[in-house]
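Here is how names work: the chains are called A, B, and so on, in the same order as the sequence lines, proteins then strands, and each is numbered from 1.
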Amino acid sequence: MIAVVRRVLVALVVLWGVATVVFFIVRAAPGDPATALLGPDADAGQVAALRESMGLNRPLVGQYAAYLGDLVTLDLGSSHRLGRPAIDAVAERLPATVELTLAATLIAVVAGLVLGALAGRRAGSVWDRLVSTATIGLQSFPTFWVGIMFILLFALTLGVLPSAGAGTPAHLVLPAVTLALPFTAIVARLTRSSMADTLTESYILTARAKGLTERQVLTGHVLRNSLVPVVTIVALQMGALMGGAVVVENVFAWPGLGSLIVDAIGNRDYAVVQAATLVIATIVVALNLLVDLAYRAIDPRIRTGDRA
Amino acid sequence: MAPNSTAPRVAGASADPGESSPDAGLRVRELTVDLRVDGRLRRVVDGITFAVAPRGTLGIIGESGSGKSVTALALLDLLPESAHIGGEIRWRGEDLVRASAARRRRIRGREIAMVFQDPLAALNPTRPVGRQIGEILRRGGMRRAQVGERVVELMTMAGIPDPTSRRRAYPHQLSGGLRQRVVIAMALAGEPSLLLADEPTTALDVTVQARILGLLGSIRAEAGLAMILVSHDLRVVSHVTDEVAVMYAGRLAEYGPTRDVLRHPRHPYTQALIQSVPAVHSRSALTRPLPGTPVGPANRPAGCAFHPRCPLAIDRCAVEQPAWRPVPPGRWVACHRAEEVGA
Amino acid sequence: MNPLPETLEAATAAATLPPARPSRPRHLLARVFAAVPFVILGCYLVAAVVGPLLIDYDPVDTPLVDRLLAPGSRTSAGELAVLGTDHLGRDVLAQVVYGARTSVLIGVATVVVASVVGCCVGVIAGYSGGLVDTVLARIMDITLAFPGILLAIVIAGVLDGGAVVVVAALAVSGWIGIARVARGVAVSVRSRPWTDAARMLGVRPARMIVRHVLPFAAGPVVALATVEFALVVLAEAGLSFLGVGLPASTVSWGQTIANGKEYLASAWWISAFAGVALAGLVVSVGLIGDAFTQRYGRGFSR
Amino acid sequence: MTGTRLRVENLAVAFGARRRLVGRADPLRAVDDVSFHVRDGEILGVVGESGSGKTTVARCVAGLQRYAEGTISFDDVPLGPVSARPPQLLRAIQMVFQDPRSSLNPRRTVAQCVGEAWTSFPVPGSADRRQATADLLADVGLDPDVAGRYPAQLSGGQCQRVSIARALAARPSMLVCDEAVSALDVSVQAQILRLLVDLRERHGLCMVFITHDLGVVRQVADRVVVMQHGVIVEQGPVDDVFAAPDQPYTRELLGAALDLHS
């Protein structure tokens, strides 16, 4: 229980760190956000008024304090370009990103586990080499390019799937598969090495010595024990997946947070950049926390606190 | 390889004449194991022969690289698939070397069970010990409630106090001694007739070791098990077993009733081993130790593998591998100068 | 506790798997295969160094008459456009060659920065332990919570282009992996008896790190740095693709791919060739990194 | 009677104190109120089972472990942690570890391992490194040819000899041997024990010999300290303690220890 509280506290500290980093990156931006927002034709009075309302006149420490205060009340500032709270814009786009990442995770986990298990059953086998090499390929092809090639093939040439936008399940297929490819490789490689590691454990020898069939050893001991690290790292990699989504969304004009962030950067709409980044970071941190707690539930050594 | 013209008459058979039919117990003849090490096949176990009568006890003693653990794993067919096993392993008359993989698997755990050295590593850390003990019962189709009862019985037999609550414990929550008792209970679950214990007490403290050895003794007596104890510790073997096989560099140096072998070793290596063991209960002077280090299968010299370290070595020893020959009464030895050892 | 006798250890390890560290491939064919990624990488390096000397390319020169020529066409100047031209009439082959230089330079710079920072932080954290380690490990966690590419996008996007900013943005997430590996090695080495022995012989911390820690970190760090090089090349192209990377005056595969996206239906070659070039580099470096990782391991476990 | 070299008084080590979010930390005492001494030229055996604190005591003496209470002094000079010891004191106490393989840096040759002491402080007679190394190797019964080899090319027993040579390179007055023969084969164990006893005579070393093997202690030690759960249960001359143990735990330990049965 105490361990759980401690984990939550650490997660909060991490979030605070993220918020701080985001704050200072945005403040370090060249140019004056107020000028950028109003355009070169605005007069000095207008700029000064906007600066005042954006709190840009206060000292940096004061701005930082106010920013943190706002964060606690979930006030992430408002977008002057969109003329509404940044959090609203983010909330509007969030479901699309969640949909995309969940679909990609599902594809990647299923495909990755199958491939990884095939490779990990016998290290050094033909399957193992095949999967190992294939996964390097999957990880190496840039998603934005693969996405474009998918569009070229499935949308423009074959005409079987839509090339951009969202709405129908068909719209989800290309972005989700594109996003899932490198992630599939990660899951497969992890599963493979985890299984190979587990197979060297003495208790596998014990299980064989009991007279269990190879299949029983695999299901009863190998799979279960190798999945624990896989699940953990897969969840940790969800952050990378959300990062990848930012890129993929832009390829397929998917109306999620990724397109929002890139648009906002182009328009120097820092409130939105800040809000979207923080929301993604929060999701990642929350996921990590959940995994950590789930890990406790799976691995008795940690649950009972006998091993750090 | 030692050319053996006559089939060795095995000492184990004479220990218990009532059950000495050739189809009883375990008889190993000319066992060889080739293991793939760094891509090359190496003969790790080179033509060893021994027998264990029903209810008999055999100690296999050897230092690192002697091949004793590989021998144990070979008996249970637990070596990697790339390993090649030759010779004969006759279990109740059936040659396991030539039996099907499925047949050998059915013998594992149910007829021949194994107790490993490090109980913490031998247990799956993520499952309660009771489940691990009952695993083969459950897989064998026993009903859940019955499995539970049987697990408690087995744990009681292995001397685990408070088995009903302990069976839900995870391996890391138990002490080293209790863990080894769990491993023993697990080995007993299949009601085997032969227990193969590979360094069962090496990872344990002295006081715990004494208790575990006591437990193994009483279980053996109650359940009528035969036992093979693989160890590097001559002291343990001397207390637990009726017969002993001494291995050096993958070959047998000497084989016979434990008491006789320890009193009158016929092989210079056995003699040196005995002299190297420090005594606790009497002041023993430091002896002149054997020079050199034990050789493994990779750097086994020609002739007798022991000759570079042997105080009795003659020119012949470097050239000719000594034959495995009987030395009355009921002893076997591989040494050209066996008659002069200890003389 | 007593260690396993060597035989049993060897036997149990052998009983389940071939040795963890594969020996060098022995068959000729296997050797040839193992050499392929190195040869490909070599071609890229040659292209990056020599290519720009052989092919003239000016990103500002936009002969619109020659726009969207298919591969193999002749330009108005009579030159052969081997890989076609883009929407502004610029030669795609030239962009591929110049892009190699950009990718390699940015990749090397980023990996060097990340490795130096990561190694220092990791080794110091791992070797000193205690509070320093706790704090540094926490900082690593914080940085890890950001998706690396998102962080790079935000930094590079907000802080307006330039190679230095791009390298910094990519290195910010790149150093953590290196630091973790270096820390793992340091923690593991610190607990080995030979470091205790060295301490008893009066060896000072600086010499200790150089002599007893860094040699063990070198292998895993080089292996990881190779993998990171591939990731950085990908990420840089990604930034350029999104228009938050290098300024338009620098040739980058990511930009070329982005440019081609608009003309996909009519001029597939713009995106396709730049992407093939990018993937080829990343795959070959990835294979090399994988081989290194197998040889040196991910850390110093066991 | 010869003089006392090492003196350990009321040593206490709080270990693995679990931090708690609420309430105060409860320190687990690994070692509590341990006092003993080692005389000139003497081998003191420290025996106990796992968790008895014997290794912790060894590490405190070696300066590798901080302790909460008590004093450790050598020739009446207090011993701090290694980082605070003056060169003379640092040299005086050296350690031989349990695992012969991991006590040598695998990336350094035997000569580099052995010569490490000389890079830190000048040791008399080490001007000619090559000769000094060869002398040391000969001293521990190794062929001078091994100087250029790496630990992986040596056997366990040879590695342990190199470790001993490395310790001797500093010209110590005392060796702390932490289970120095436990990981070795019996026949090799006998060699190393013989070597240590010979070295004691040749170099006038005193030793703290940590082991779980009562037979080994009986063979080489002059006096013995028996530890259990971090405290000293009994100490005295080996033959006295082994022949007539005072304490029930010592009796249990001796009762459990096996001799060759024939």
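Both the backbone and the side chain of A:Val251 come within less than 4.5 Å of a heavy atom in chain C. For A:Leu156, the part lying near chain C is the side chain, with the backbone staying farther off; criterion is any non-hydrogen pair under 4.5 Å. Interface residue A:Ile261: only side-chain heavy atoms are found under 4.5 Å from chain C. Neither the backbone nor the side chain of A:Gln274 comes within less than 4.5 Å of any heavy atom of chain C.
For CZ of C:Arg190, the number of neighbouring non-hydrogen atoms (other residues, nucleotides, ligands) closer than 6.0 Å is greater than 12.
Between C:Phe273 and C:Trp268, the distance separating the two ring centers is shorter than 6.0 angstrom.
A donor and an acceptor atom, one from each side chain of C:Ser252 and C:Ser240, are located under 3.5 Å apart.
Using a 4.0 Å cut-off between charged side-chain N and carboxylate O, A:Arg192 and A:Asp197 make no salt bridge.
Put simply, of A:Leu152, A:Ile151, A:Thr143, A:Val262, the one with the most heavy-atom pairs under 4.5 Å next to chain C is A:Leu152.
Put simply, the residue from C:Leu151, C:Val165, C:Ile155, C:Leu239 that forms a side-chain contact (heavy atoms from CB on, under 4.5 Å) with C:Leu170 is C:Leu239.
Inspection of non-hydrogen atoms places C:Leu234, C:Ala237, C:Gly238 of residues 229-238 of chain C under 4.5 Å from chain A.
Between C:Thr110 and C:Trp175, the closest side-chain pair of non-hydrogen atoms is not below 4.5 Å.
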Side chains of residues 274-288 of chain C: which donor-acceptor pairs under 3.5 Å do they make with residues two or more places apart or in other chains?
| residue | atom | partner | partner atom | Å |
| --- | --- | --- | --- | --- |
| C:Ser284 | OG | C:Gly280 | O | 3.0 |
| C:Ser284 | OG | C:Leu281 | O | 3.0 |

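Side-chain N or O atoms of A:Trp254 include none that pairs as donor or acceptor with a backbone N or O of A:Leu100 at under 3.5 Å.
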